Amino acid sequence: MDIRLGNGFDVHAFEEGDHVILCGIEVPHDRKLKGHSDADVAMHAVTDALYGAMAQGDIGRHFPPSDPQWKGAASEIFLRHAVDLASELGFSVSNIDVTIICERPKIGPHAADMMTKMSELMGLELSRVSVKATTSERLGFTGREEGIAAIATATLVKP
Ligand SMILES: Nc1ccn([C@@H]2O[C@H](COP(=O)(O)O)[C@@H](O)[C@H]2O)c(=O)n1
Ligand SMILES: C[C@@]1(CO)OP(=O)(O)OP(=O)(O)OC[C@H]1O
């Protein structure tokens, strides 16, 4: 069996707004995340973890930020592409795990919805999807609430 591990990391800065989108779920907040796409930092980290496990580059290689086609795009397009590519290459996703790093918004109350959404989008059973969060104890750019970071791992298997 061919077992692959990938990691992904992403950061998006805050700008004026009233909600953020994380793992495909709209979370009310007093700012939004800035990006070329919908700036779903957590979904981008998972997508990059999938590309990494396949050694297929990164999200910007497949969806260049210079391409106007992706302006305001829903990040599930990127995630689905990575999942479909895995399937084309003979892999199935075994599990994903993502940690969202921010002081606010609190992720705990939304984590179940986020895991359900990721499970549905990826066609992956819920027990194989993990979404969790931490603060950075008020240190650094996440601690100053300048933006949100996310780090993810994904495991792919080919029988
Ligand atoms: N945005 C966040 C950050 C944290 N949590 C939850 O709080 C727990 C404690 O966080 P520490 O950074 O103080 O360790 C953490 O384990 C999460 O359960 C959260 O929901 N949203
Ligand atoms: C997702 C893409 C799509 O153009 O743009 P952004 O929303 O800015 O997100 P980023 O994490 O900077 O990744 C680069 C791009 O692929």
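None of these values were measured; they are calculated from a predicted model. Indexing begins at 1, ligand by ligand and atom by atom, following the structure's order.
- The closest donor-acceptor contact from the side chain of Arg80 to the backbone of Leu121 lies under 3.5 Å.
- Between Lys117 and Glu120 there is no salt bridge, since none of the side-chain N atoms of the basic residue sits less than 4.0 Å from a carboxylate O of the acidic one.
- Each of the atoms 11 (O) of ligand 2 lies under 4.0 Å from some heavy atom of Asp10.
- Side-chain N/O atoms of Thr153 and Asn7 include no donor and acceptor closer than 3.5 Å.
- Inclusion of Lys106 in the set of residues having an N or O under 3.5 Å from an N or O of ligand 1 is not warranted.
- Under the 4.5 Å side-chain heavy-atom criterion for ILVMFWY residues, a single connected hydrophobic cluster contains both Ile25 and Val41.
- The N/O atoms of Thr134, backbone and side chain alike, include one that comes under 3.5 Å of an N/O atom in ligand 1.
- Side-chain atoms of Ser119 come within 3.5 Å of backbone N or O of Leu124 as a donor-acceptor pair.
- Counting atoms of ligand 1 from 1 in the listed order, those under 4.0 Å from a heavy atom of Glu137 are 13 (O).
- Of the protein's non-hydrogen atoms, His12 NE2, 3.7 Å is the one closest to atom 10 (P) of ligand 2.
- Protein heavy atom closest to atom 18 (O) of ligand 1, with residue, atom name and distance, is Ala133 O, 4.3 Å.
- Atom 2 (C) of ligand 2 has its closest protein heavy atom at Phe63 O, 4.1 Å.
- One hydrophobic cluster, built from ILVMFWY side chains closer than 4.5 Å, cannot hold both Met43 and Ile21; they sit in different ones.
- A salt bridge links Arg31 with Glu145; the closest basic N to acidic carboxylate O contact falls under 4.0 Å.
- Taking every non-hydrogen atom of Cys102 and a distance limit under 4.0 Å, the qualifying atoms of ligand 1 come out as 1 (N), 2 (C), 3 (C).
- Atoms of ligand 2 found under 4.0 Å from any heavy atom of Trp70 (numbered from 1 in listed order, with element): 4 (O).
- Of all the heavy atoms of Pro105, the ones lying under 4.0 Å from any atom of ligand 1 belong exclusively to the backbone.
- With hydrogens left out, the protein atom closest to atom 13 (O) of ligand 2 is Ile59 CG2, 3.7 Å, a heavy atom.
- The closest approach between a heavy atom of Pro109 and any atom of ligand 1 is not below 4.0 Å.
- There is a side-chain donor-acceptor pair under 3.5 Å between Ser130 and Asp97.
- Note that atom 8 (C) of ligand 1 has no protein non-hydrogen atoms nearby, at separations under 4.0 angstrom.
- Contacts between Ser75 and ligand 2, counted as non-hydrogen atom pairs separated by less than 4.0 Å, are absent for every part of the residue.
- Taking every non-hydrogen atom of Gly60 and a distance limit under 4.0 Å, the qualifying atoms of ligand 2 come out as 16 (O).
- Aromatic pair His62/Phe78: centroids not less than 6.0 angstrom apart.
- Residue Gly108 approaches ligand 1 through these ligand atoms, each under 4.0 Å from one of its heavy atoms: 19 (C), 20 (O).
- Among all non-hydrogen protein atoms, the one lying nearest atom 7 (O) of ligand 2 is Ser37 OG, 2.5 Å.
- No continuous path of hydrophobic side-chain contacts links Val11 to Ile107 [ILVMFWY only; heavy atoms under 4.5 Å].
- If you number the atoms of ligand 2 from 1 as listed, the ones under 4.0 Å from a heavy atom of Pro64 come out as 4 (O).
- When hydrophobic clusters are built by joining Ile, Leu, Val, Met, Phe, Trp and Tyr residues whose side-chain heavy atoms come closer than 4.5 Å, directly or via intermediates, Leu5 is not grouped with Leu50.
- With Lys34 contributing its side chain and Glu16 its backbone, the two residues share no donor-acceptor pair below 3.5 Å.
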Verdict with reasoning, Phe14 to His29, per ring pair (Phe, Tyr, Trp, His ring centres under 6.0 Å) | CA-CA 10 Å; Phe14 282 124; His29 192 48; 5.4 Å; yes
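- Which of Ile107, Thr142, Thr135 comes nearest to atom 21 (N) of ligand 1 through a heavy atom is settled by distance: it is Ile107.
- The nearest heavy-atom contact from the protein to atom 14 (C) of ligand 2 is Pro65 CG, 4.1 Å.
- At least one N/O-N/O distance between His36 and ligand 2 falls below 3.5 Å.
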